[in-house]
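Reviewing the structure listed below.
This structure is a prediction, so every number in the text was calculated from the model and none was measured.
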Amino acid sequence: MLPVIGITCAQDGETGRAYLNRPYYAGVERAGGLPVLLPPLNSDEGVRAAFALLDGLLLSGGGDLDPVYFGQEPRPGTGEIMPERDAFEMALTGMALDAELPVLGICRGMQVLNVAAGGSLWQDIAESGVSLLKHVQDAPRWHPTHTINVEAGSRLGDILGTQHVRVNSLHHQAVREPAGRFKVVARTGDGIIEAIEGSGSAFVLGVQFHPEWLWERQPVFLNLFAALVEAARLYRNARR
């Protein structure tokens, strides 16, 4: 049986429609997993039932996380908020961390991962005070536009096989204070955090860039999906 990888969906604020861009689930499928799309569910029972199906979790990108989850009032730079998605993903991520379920967070997904564990975000990185690179690119999503520096010996470094790699960039928020259970393993030249991972043995990894748009042209980024699927396989086998 293929490892079941739940993937959270984005949400349309006007219609409530839940949706997911193809490269996410195609990447999981190519890596040998069974992608299962997870729309925002409103009940605790629904969240628990969805969680029980999973061998791994992929937190997808999307809009901004309500700053109430990290103890702040909204700043002018904060964009559209989806309360149903926020509540669902925060509950699901908390369960995943408690159970040491393998988790990969992408862009917003990394931010949700960090906040669920007690960290905080820059509501808009323009407020960080650093001399910023361009983090919302005017280029095709599959085109890498800046370099990230990856910590030697990190899980991410082992997955990518390099300490320096060019990635795409499609965000205006970022991790500010990493949660205590995470370590920072990649930054851009301007100091913005580009990846975090768990300090324990469980597979917990968040990346600020979008490997789902990169892997078809640069197969090294498929390694992220493959690592999640393999960790999910081991997790499932350990539960038997």
Does the side chain to side chain contact (heavy atoms under 4.5 Å, CB included) test come out yes or no for Gln11 and Glu84, once each step is laid out?
CA-CA 9 Å; Gln11 192 175 22; Glu84 296 92 346; 3.9 Å; yes
Hydrophobic cluster identity match, Leu41 and Leu92, side-chain contacts under 4.5 Å:
yes
Non-hydrogen side-chain atoms of Lys134 and Ser169 separated by less than 4.5 Å
no
Begin from the C-alpha positions of Ile148 and Val165 and carry the test side chain to side chain contact (heavy atoms under 4.5 Å, CB included) through to its verdict.
CA-CA 6 Å; Ile148 63 171; Val165 63; 3.5 Å; yes
Please tell me if the side chains of Val103 and Leu59 come closer than 4.5 Å, counting only heavy atoms from C-beta onward.
yes
How would you list, by chain and number, every residue that makes a side-chain hydrogen bond (donor to acceptor under 3.5 Å, both in side chains) with Arg166, sequence neighbours excluded?
Thr147
Any heavy-atom pair between the side chains of Thr15 and Asp12 that's under 4.5 Å?
yes
Common cluster, Leu37/Leu57, ILVMFWY with side-chain heavy-atom separation under 4.5 Å
no
If you measure from OG1 on Thr78 to CG on Leu65, what distance do you get to the nearest 0.5 Å?
9.5 Å
Work out which heavy atom in Val184 is nearest to a heavy atom in Pro178; give both atom names and the distance.
CG2-CG, 3.8 Å
Rounded to the nearest 0.5 Å, what separation is found between the CD1 atom of Ile5 and the CG atom of Leu101?
8.0 Å
Check: Asp86 side chain, Asp66 main-chain N or O, donor-acceptor pair, under 3.5 Å:
yes
Kindly compute the distance separating CD1 (Ile125) from CD1 (Ile193), expressed to the nearest 0.5 Å.
11.5 Å
Is Leu2 reachable from Val4 through a run of I, L, V, M, F, W or Y residues, each pair having side-chain heavy atoms under 4.5 Å apart?
yes
Compare all side-chain heavy atoms of Pro102 with those of Val204 and state whether any distance is below 4.5 angstrom.
no
Closest non-hydrogen atoms of Leu20 and Thr8, given as atom of the first, atom of the second and distance, are CD1-O, 3.5 Å
Contacts of type salt bridge (Lys or Arg N to Asp or Glu O under 4.0 Å), residue Glu29, not counting sequence neighbours
none
Ring pair (Phe, Tyr, Trp, His ring centres under 6.0 Å) with His135: which residues, sequence neighbours excluded?
His146, His171
How about Leu113 and Thr93: do any of their side-chain heavy atoms sit closer than 4.5 Å?
yes
About how many Å separate CG of Asp190 and CG of Leu133, when rounded to the nearest 0.5 Å?
4.0 Å
For residues 215-239, the side chain to side chain donor-acceptor pair (under 3.5 Å) pairs (sequence neighbours left out) are Asp55-Arg239, Glu230-Arg233
Within the 4.5 Å heavy-atom criterion, are Phe225 and Leu228 side-chain neighbours or not?
no
Hey, are the side chains of Gln208 and Ile192 touching, using non-hydrogen atoms and a 4.5 Å cut-off?
no
Using only atom types and a distance under 3.5 Å, with no angle test, would you say the side chain of Gln123 pairs donor to acceptor with the backbone of Asp64?
no
How far apart are the C-alpha atoms of Lys183 and Val185, what are their side-chain angles, what is the distance that settles it, and do they pass the side chain to side chain contact (heavy atoms under 4.5 Å, CB included) test?
CA-CA 6 Å; Lys183 53 187 177 181; Val185 295; 4.0 Å; yes
For Ser43 and Gly46, indicate whether the former's side chain and the latter's backbone hold a donor-acceptor pair under 3.5 Å.
yes
Using the rule given for side-chain hydrogen bond (donor to acceptor under 3.5 Å, both in side chains), can you reason through His210 versus Asn168, listing the C-alpha separation, both sets of side-chain angles and the distance that settles it, and then say yes or no?
CA-CA 6 Å; His210 283 266; Asn168 52 7; 5.8 Å; no
Separation between OG of Ser154 and CD1 of Ile196, rounded to the nearest 0.5 Å
12.5 Å
Donor-acceptor side-chain pairing of Asn149 and His164 below 3.5 angstrom
yes
Heavy atoms only: give me the nearest Gln173-Gln111 pair and the separation to one decimal.
O-NE2, 3.2 Å
If a pair satisfies ring pair (Phe, Tyr, Trp, His ring centres under 6.0 Å) and one of its residues is in residues 23-82, list it, with sequence neighbours excluded.
none
Under 3.5 Å: donor-acceptor pair, side chain of Ser199, backbone of Arg181:
yes
Sort and list the pairs that fulfil salt bridge (Lys or Arg N to Asp or Glu O under 4.0 Å) and have at least one residue in residues 89-107, not counting sequence neighbours.
Arg85-Glu89, Glu89-Arg108
To the nearest 0.5 Å, what is the distance between CG (Asp138) and OG1 (Thr145)?
9.5 Å
Do Gln163 and Glu151 get their side chains close enough for a donor-acceptor pair, meaning under 3.5 Å?
no
Taking every heavy atom of Met110 against every heavy atom of Ala195, the minimum-distance pair comes out as SD-CA, 3.8 Å
With a 3.5 Å distance limit and no angle check, can you tell me whether Glu197 reaches the backbone of Arg155 through a side-chain donor-acceptor pair?
yes
Please determine whether side chain to side chain contact (heavy atoms under 4.5 Å, CB included) holds for the pair Ile106 and Leu58, giving the CA-CA distance in whole Å, both sets of side-chain angles, and the decisive distance to 0.1 Å.
CA-CA 8 Å; Ile106 293 177; Leu58 196 165; 4.0 Å; yes
Do Asn114 side-chain atoms and Ser120 backbone N/O form a donor-acceptor pair below 3.5 Å?
yes
Indicate, with yes or no, if Val207 and Val115 share a hydrophobic cluster defined by side-chain heavy-atom contacts under 4.5 Å among Ile, Leu, Val, Met, Phe, Trp and Tyr.
no
Between Cys9 and Ala18, what is the shortest heavy-atom contact and its length?
CB-CB, 4.1 Å
Looking at side-chain heavy atoms only, is the closest gap between Phe203 and Leu234 below 4.5 Å?
no
Find out if a path of hydrophobic residues (ILVMFWY) with successive side-chain heavy-atom gaps under 4.5 Å connects Leu222 to Leu205.
yes
Side-chain donor or acceptor of Glu177 paired with backbone N/O of Gly119 under 3.5 Å
no
Taking all heavy atoms of Asn21 and all of Trp213, pick out the closest pair and write down the distance.
ND2-CZ2, 3.8 Å
